[in-house]
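Everything on this sheet refers to the single structure shown next.
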Number of protein chains: 2
Amino acid sequence: MNIHSNQKTLSALGNSGSKREQIIDATIRLISEYGFHGTPVSMIAQEAGVGAGTIYRYFKDKDSLVLEIFAQVNRDFQSTMLDQYDARQPIRDRFFHLCRGIFQYGIENPHKFKFMEQFYNSPYGTTLRREKLFCNCDDSSQELSLEQLFSKGQAQQLIKDIPLATLIAHSVGPIVFLVKDSIAGLIHLDESTIDSSLTACWDAIRVRSQQSDILEP
Amino acid sequence: MNIHSNQKTLSALGNSGSKREQIIDATIRLISEYGFHGTPVSMIAQEAGVGAGTIYRYFKDKDSLVLEIFAQVNRDFQSTMLDQYDARQPIRDRFFHLCRGIFQYGIENPHKFKFMEQFYNSPYGTTLRREKLFCNCDDSSQELSLEQLFSKGQAQQLIKDIPLATLIAHSVGPIVFLVKDSIAGLIHLDESTIDSSLTACWDAIRVRSQQSDILEP
DNA sequence: TTGGTTGGAATGAATATTCATTCCAGGTTT
DNA sequence: AAACCTGGAATGAATATTCATTCCAACCAA
């Protein structure tokens, strides 16, 4: 359409980002809905308002398009989670902060969220997880944040002494589940629902003590 | 290969089930790994040791093949969950029974489990969930079982008074998460890990009382 | 033989990718 | 300034590949 007109200023420098962004956005939207194999490149081109060939000026092929987007979205997600994260806060508060971050990101970026889900439920995802586990090259990933948190919590006898994977599953699993339902329009995630879920997450992994909450540094 | 040889006995009666089964099994295996659009019919035929055309003798098209399999696997799953289910047991015990059933089914039928996951994360799945929610035609579904359980538990003040969807998310979500990791070979789900997860599920949704467990009918 | 079943080549539609061409902002020449 | 180049970006028709489905010759049981 009239894309050209209002970008004369940008085009001087590396305006090349514009089309690229359009393509990326369209891909996220479509793949989040129809999945990788369910969205032809032609459809991406149309949704992006771009010629089919243009896509190949910015990305080697469909595969690397998706791979690049995933890396980008993943960074985006992690930085949301770690935004305003203060490692000096009590364990419980930090746990709430990180988990609330998942809710927030999913609600604010439904397409990106579903895109990541699609990705994880594909042949790509499996290999990626494997790599993540076996070589911890990624420094400040979400899982690592939770991992450190859990170790410390266990040392302080605040968090159950059960396998790390179980702790992660009971933190991330329910939230992903709820966000998916929310995106599907099956439920509405208001503040109180989110709070009750976060409390449930915490109750699942915390050590059962009689007095509970109040006595934490 | 030599599939023909050892099936002469069956072919006397309604052997038509045999090829059908081979096709179904192959489809489950492949789709669980590569997804619907990622597995061509030709690949299914090869994996099943069957001509491509044969598939169309048993199923109208690829769509109805998948739809039929889903219905079948779903029934299978539900009957596993409800096997030996005794509605007269205490709430807590019934909850453990149902949740343990999810673990069991996933561990014993990894391909079927991943197949269902693929299905739910596809355009099919979304519509299906909707129907399930809005018209409760399905009588003894897993969700309904949990639903009834939760209502009763809430009435008895055993289970938190939070939205049903949240309760379900905190029961099913972590288990699905762990089973997926287990199938991917990232963790091993031994009995003690499963137990700790089930306890965590229960802790997430139960009302926090001082004495806790022991005082239940 | 006859009726039905099977395998897999054949078909056409859909798809990813390529490439010859067009377009245009910015620079150069007059 | 006006007319004219120029190189890179954009395009979409053309090509190559993959896929679901169809079709039929060979096969098998009765």
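Lettering follows sequence order; numbering is per chain, from 1.
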key: Presence of A:K19 side-chain N/O under 4.0 Å of D:dT11 phosphate oxygens OP1/OP2   = yes
message = Any heavy-atom pair between the side chains of A:I168 and B:F177 that's under 4.5 Å?
response = yes
query = What residue among B:F36, B:Y120, B:F77, B:F115 forms ring pair (Phe, Tyr, Trp, His ring centres under 6.0 Å) with B:F70?
reply = B:Y120
note = Taken to the nearest whole Å, CD1/A:I23 to P/C:dT17 is 14 Å
Protein-nucleotide distance (A:R57, atom CZ; D:dG8, atom C1'), rounded to Å = 7 Å
request  = Specify the separation, in whole Å, of atom OH of A:Y56 and atom C1' of D:dG8.
outcome  = 21 Å
query = For C:dG7, does OP1 or OP2 lie under 4.0 Å from any side-chain N or O of B:T54?
reply = yes
message = Tell me the interatomic distance from B:Q22, atom CD, to C:dT5, atom P, rounded to whole angstroms.
response = 16 Å
task = Could you state the atom-to-atom distance from CD1 of B:I55 to C1' of D:dT22 in whole Å?
result = 14 Å
Closest to side chain of A:Y58, choosing from D:dA9, D:dT11, C:dT15 = D:dA9
inquiry  = Show the nearest heavy-atom pair for residues B:K19 and B:V50, with the distance to one decimal.
reply    = CD-CG2, 3.8 Å
ask   = Which comes earlier along DNA chain C counting from the 5' end, the contact point of A:G53 or that of A:G38, where each point is its nearest nucleotide?
value = A:G38
inquiry  = I need the NE2-P distance between B:H37 and D:dC19, as an integer number of Å.
reply    = 12 Å
task = Figure out the CD1/C1' separation between B:I31 and D:dA20, and round it to whole Å.
result = 13 Å
task = Check whether any side-chain heavy atom of B:V179 sits under 4.5 Å from a side-chain heavy atom of B:I183, and report yes or no.
result = yes
query = Just how far, in rounded Å, is P of C:dT17 from NZ of A:K62?
reply = 8 Å
